[in-house]
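Quick notes on the structure that follows.
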Amino acid sequence: MGEELSSLSVEDLQNLENQLEMSLKSIRMKKEQILTDEIQELNRKGNLIHQENIELYKKVDLLRQENIELHKKAYGSRSVNVANRNSHIPYCPSDGFDLHAPILLQLSQPEPQDNETPANSMNLG
């Protein structure tokens, strides 16, 4: 905790500092690995959800086509244009979203905050 360091020699303090730096490095590597694994899992889940979304869109489109066919049978071809206009799906690919674009996340360095001191100016004791 930094207490009782006054009795240590410069060499002992240097050794302690090296041990702390090695420990911090190990902790940071473990943290980075955990975050990387979580990102990979989120990417995998995102891709599964994306595929499910595509399948659901296909089902909705199929139901829309079936609805148009039923409307044709029930009311004749004179009102097919009305059925086509009324059955437009607001979240279809024509609104600028690409249903086939992969979603990728990645780990990046955090932005330093104003109240943080740089890592290379570590103070001990």
Side-chain angles (χ1 to χ4, degrees):
M1 299 303 282
E3 301 164 5
E4 300 180 26
L5 294 177
S6 60
S7 63
L8 297 177
S9 69
V10 173
E11 185 179 338
D12 290 337
L13 289 172
Q14 185 64 46
N15 288 336
L16 179 60
E17 182 179 13
N18 290 340
Q19 289 175 356
L20 289 170
E21 286 176 359
M22 293 300 290
S23 294
L24 280 174
K25 183 177 180 181
S26 175
I27 289 168
R28 287 180 179 132
M29 287 174 52
K30 179 66 176 174
K31 178 183 171 184
E32 184 176 340
Q33 183 61 50
I34 290 170
L35 291 173
T36 300
D37 292 346
E38 287 179 9
I39 287 170
Q40 289 174 347
E41 180 65 16
L42 289 171
N43 278 329
R44 186 189 69 77
K45 287 179 180 179
N47 287 333
L48 289 174
I49 290 170
H50 180 73
Q51 290 300 317
E52 184 180 355
N53 190 30
I54 290 171
E55 294 302 316
L56 290 171
Y57 175 78
K58 288 177 183 178
K59 288 179 182 179
V60 168
D61 192 49
L62 181 62
L63 289 173
R64 184 181 63 82
Q65 291 296 327
E66 289 175 2
N67 191 23
I68 290 171
E69 292 301 317
L70 288 173
H71 198 272
K72 281 182 189 178
K73 288 179 183 177
Y75 300 105
S77 61
R78 63 184 176 356
S79 63
V80 171
N81 287 338
V82 172
N84 281 334
R85 273 185 270 134
N86 291 339
S87 63
H88 174 70
I89 303 167
Y91 47 86
C92 69
S94 66
D95 63 8
F97 295 104
D98 183 4
L99 291 177
H100 302 287
I103 300 170
L104 298 174
L105 301 175
Q106 66 184 25
L107 189 62
S108 63
Q109 292 295 325
E111 294 292 324
Q113 302 210 355
D114 292 339
N115 59 353
E116 291 182 359
T117 58
N120 58 2
S121 65
M122 183 187 315
N123 271 341
L124 294 177

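Keep in mind that this is a model prediction, so the values were computed, not measured. For this chain, numbers begin at 1 and follow the sequence in order.
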Determine whether L13 and E17 make a side-chain contact, defined as any pair of heavy atoms from C-beta on separated by less than 4.5 Å. no
Counterpart residues, side chain to side chain donor-acceptor pair (under 3.5 Å), relative to Q51 (two or more places apart): none
Paired with L24, the side-chain contact (heavy atoms from CB on, under 4.5 Å) test is passed by just one of E21, R28, M22, namely R28
dist Q14:CD -> N18:CG (nearest 0.5 Å) comes out at 5.0 Å
Atom CG in L16, atom CD in E11: separation rounded to 0.5 Å? 12.5 Å
Test item: S23 side-chain N/O and Q19 main-chain N/O as donor-acceptor pair under 3.5 Å: yes
Of all residues at least two apart in sequence or in a different chain, which pass the side chain to side chain donor-acceptor pair (under 3.5 Å) check with N15? none
Side chains of N47 and R44: does their closest heavy-atom pair fall under 4.5 Å? no
Sorted by chain and number, sequence neighbours left out, salt bridge (charged side-chain N to carboxylate O under 4.0 Å, His left out) with E69 holds for K72
Report, as yes or no, whether the 6.0 Å neighbourhood of atom CD on E52 holds more than 12 heavy atoms from other residues, nucleotides or ligands. no
Does a salt bridge link K58 with D61, judged by any charged N lying under 4.0 Å from a carboxylate O? no
Measuring from atom CD of Q40 to atom NZ of K45, what distance do you get when rounded to the nearest 0.5 angstrom? 13.5 Å
Same cluster for L5 and L20 if Ile/Leu/Val/Met/Phe/Trp/Tyr side chains link at under 4.5 Å? yes
Run through V60, L62, I68 and flag the one making a side-chain contact (heavy atoms from CB on, under 4.5 Å) with R64. I68
Report the distance from atom CG of L70 to atom CG of L63, rounding to the nearest 0.5 Å. 10.5 Å
Mind checking the CG-NE2 spacing from L48 to H50? Nearest 0.5 Å is all I need. 11.0 Å
